[in-house]
Amino acid sequence: MRADKSSVRSDRDSFLSRIAPGLVKLFHYRRDDLSHDLIAGLSVATVALPVGVAYAELAGFNPAVALYSSILPLVAYAIFGTSRQLIIGPDAATCALVAAAVTPLAGGARNLYESLSVTLAMIAGILCIGASFLKLGAFADFLSKPILVGFLNGIALSIILGQIGKIFGYEIAASGIVPRLFEFARKLGLTDWPTLALGSGTFFVLLVVPLLSRRVPPSLVAMILAAIAVRMLHLENHGVKIIGDVPAGLPPMRIPHFPLTLVPVLLGEAAGLALVTFSSMMLTSRSFASKNRYDVDVDREFAALGAANIASALSNGFAVSGADSRTAMSDATGGRTQVTGLVSAAVVAIVLMFFTGPLRYLPLAALGAVLVKAAISLVDIPSLRTIYKIDRGEFALSIIATLGVVAVGAIRAILFAVILAVLRFVRLVSRPKVEILGKVKGLPGFHSVERHPEAVTISGLMLLRFNAPLVFFNAPYFKREVLAAVAAAEPSLNWLVIDLLPITMIDATGFYTAREVTELMKERGVVLAAAGRQTEWRLWAESRLRDAQGLKIRLYPTFHEAIRIYCRAHGITEGSEGMEEPS
């Protein structure tokens, strides 16, 4: 009986994992994670509430609308998502896109504006789900580790530079690192001292609370104390900026009304919105997954984003994406699973129903201090050092991603960095390393004679390695490098043996180039041979070309077999040249 129940549970989990992977994780939730997720969820909510209000104003909505977008979308993502830590919600870039798309269509009509925003979120959600079925999540595979590290560092800098003005009590309007720093320094004389004192006090609380107790969310304590200080000392009358009034109550359910003639325009805008929100979300999701050593399923993430946007639309909200600052808060306060998001959604709902009055007293300076503290935990200098040692080019990509996030925004910067990464990859594959190989005493295998001048070679025999697939964009380079190597060899060159192991693919252009090289070698009296992938090559040639259309290359399973045959054919005693196989 117990075995039958286990089998049924396994079948259920297997079925649900294809549709709602998050739900499977919730079924197997561990109690040990609950205290961590509760603390993290409360901390995330303390940021989600005031940040949501700010983003609503950015997009031109009633402040409560952003809080509507911070409830059901989190529930939807907890069911359908694969990231343990990602927090879904209003995002600055997404809000700006919504405003840019809907404002011209609404023509100043408030009801039409809200209806179009809701519809835009619904269509974007449907497109995201469709894209997941088409496996378009592979787009995220272009986001390399250096880009992810650079993105996180850029987000951290962007958060810090975006909040530092709030802590000092004045606005910084410039964009970019250097202009913001100059404006910050230039306006120091405008510092509002009560605001700075409140922000500094918040920092102090954030540092002290973890020393006193690991179970109490420091951001929650800091925000409560800051709000009490504002209320008791009437700091809003002394220049301290607060959030202000927020309408109470849960989101109303209603059907949007708008002219159907706008549907084609909305489809185009929704497609762009879906692409941008997915790119932004995956950068955040993969960054934190990489940091905490787990994987996310990109296609399931696409579907989860779609479900979250549909949930937002159903609750009269607007389009959502991965929320950088709230995800950073979840990570910094120890959130372990998607239950963190559920706790945050529950807290936001409770506040909307019962506590919007106290919410108005939250000071922007305290919010800025909390966000800056969370951002500091994102800066990853050790990884940058490692990347610099491994590859200077990828280090440059990481720096470009960091600076670009601050200078031109996350989406543009990352898309630019991805394009650079793809171009760099194409350059590496189109101009791969071509190596002449020999044996090095004490080292197994064959090694580049350029890196190992002491490597031993056999007179008349050249071992050559082309470190890439042989395809259309590197075939001319392959031909040029092979002919150059042969020309530079001694006149007694008899055999040229190419290592097929790195050549994982050969396309039509590569085939014709290889045949041309074979004919040129024949004219020069040089035998062209290949080692490795013997069975694969024969099967490929037989299934597609039958007799390979005149491509006569001697095939050997290994370099050592090719060397043995060559030595026998030319009367060389095996091992006399130091090329014997180690025992």
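Quick note: residue numbers are just sequence positions, from 1. Because the structure is predicted, anything quoted here is derived from the model rather than measured.
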Check [X] against [Y] and note the closest heavy-atom contact, atom names and distance.
X	Y	value
T333	S43	CG2-OG, 3.6 Å
A226	T202	CB-OG1, 4.3 Å
A289	V296	CB-CG1, 4.1 Å
A227	P363	N-CD, 4.1 Å
G199	I167	CA-CG2, 4.2 Å
T94	T277	OG1-CG2, 3.5 Å

Flag side-chain contact, heavy atom, 4.5 Å: [X] against [Y]:
X	Y	value
V351	L67	no
V372	I164	no
L198	V230	yes
I147	S398	no
V370	Q163	no
T46	L42	no
R84	N292	no
I129	I310	yes

Around [X], counting heavy atoms of other residues, nucleotides and ligands shown, do more than 12 lie under 6.0 Å from its [atom1]?
X	atom1	result
D295	CG	no
F182	CZ	no
K373	NZ	no
F204	CZ	no
K187	NZ	yes

[X] side chain to [Y] main-chain N or O, any donor-acceptor pair under 3.5 Å?
X	Y	value
S290	S287	no
Y170	F184	yes
R326	P90	yes
T195	G169	no
S115	N111	yes
Y77	S83	yes
S285	M282	no

* Please test E114 against N316 for side-chain hydrogen bond (donor to acceptor under 3.5 Å, both in side chains), starting from the C-alpha separation and ending with a verdict. => CA-CA 8 Å; E114 294 180 356; N316 203 36; 4.9 Å; no

Less than 3.5 Å apart, which donor and acceptor atoms pair up between the side chains of residues 335-350 and the rest of the protein, not counting sequence neighbours?
from	atom 1	to	atom 2	distance (Å)
R336	NH1	D33	OD1	3.0
R336	NH2	H36	NE2	3.0
T337	OG1	D37	OD2	2.6
T337	OG1	V339	N	3.1
Q338	NE2	G22	O	2.9
T340	OG1	D37	OD1	3.1
T340	OG1	T337	O	3.2

Could you grab the distance from atom [atom1] of [X] to atom [atom2] of [Y], nearest 0.5 Å is fine?
X	Y	atom1	atom2	value
L362	I224	CG	CD1	9.5 Å
C128	L305	SG	CG	4.0 Å
L49	L367	CG	CG	10.5 Å
I243	T356	CD1	OG1	11.5 Å
L136	L127	CG	CG	11.0 Å
L105	E269	CG	CD	7.0 Å

* To do: Show your working on side chain to side chain contact (heavy atoms under 4.5 Å, CB included) between L207 and L211 and close with a plain yes or no.
  => CA-CA 7 Å; L207 294 173; L211 300 178; over 6 Å; no

Return yes if a side-chain donor-acceptor contact under 3.5 Å exists between [X] and [Y], otherwise no.
X	Y	result
T82	D297	no
D380	N153	no
T284	T327	no

* Answer yes or no on whether R300 is positioned over the face of F80, meaning its NZ or CZ is under 6.0 Å from the six-membered ring centre and within 45° of the axis. =>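 Cation-pi check for R300 and F80: fails.
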
* Is there a ring-ring contact (aromatic ring centres under 6.0 Å, His included) between F302 and F133 once you walk through the steps? -> CA-CA 9 Å; F302 226 149; F133 282 106; over 10 Å; no

* Could you check I87 against D324 for side chain to side chain contact (heavy atoms under 4.5 Å, CB included), going step by step and ending with a plain yes or no? => CA-CA 8 Å; I87 301 297; D324 307 319; over 6 Å; no

* **The single option from T119, L273, L260 passing side-chain contact (heavy atoms from CB on, under 4.5 Å) against L266** =>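 Exactly one candidate clears the test, T119.
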
* Could you please spell out the steps behind the side chain to side chain contact (heavy atoms under 4.5 Å, CB included) verdict for E301 and L86? => CA-CA 10 Å; E301 289 293 280; L86 184 70; 4.0 Å; yes

* For the pair M281 and I88, evaluate side chain to side chain contact (heavy atoms under 4.5 Å, CB included) and give the outcome as yes or no after the intermediate values. => CA-CA 8 Å; M281 184 188 81; I88 291 288; 3.8 Å; yes

* Asked: Can you say whether the rings of F61 and F318 are parallel (under 30°), tilted (30 to 60°) or perpendicular (over 60°)?
  ->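 Ring orientation of F61 relative to F318: parallel.
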
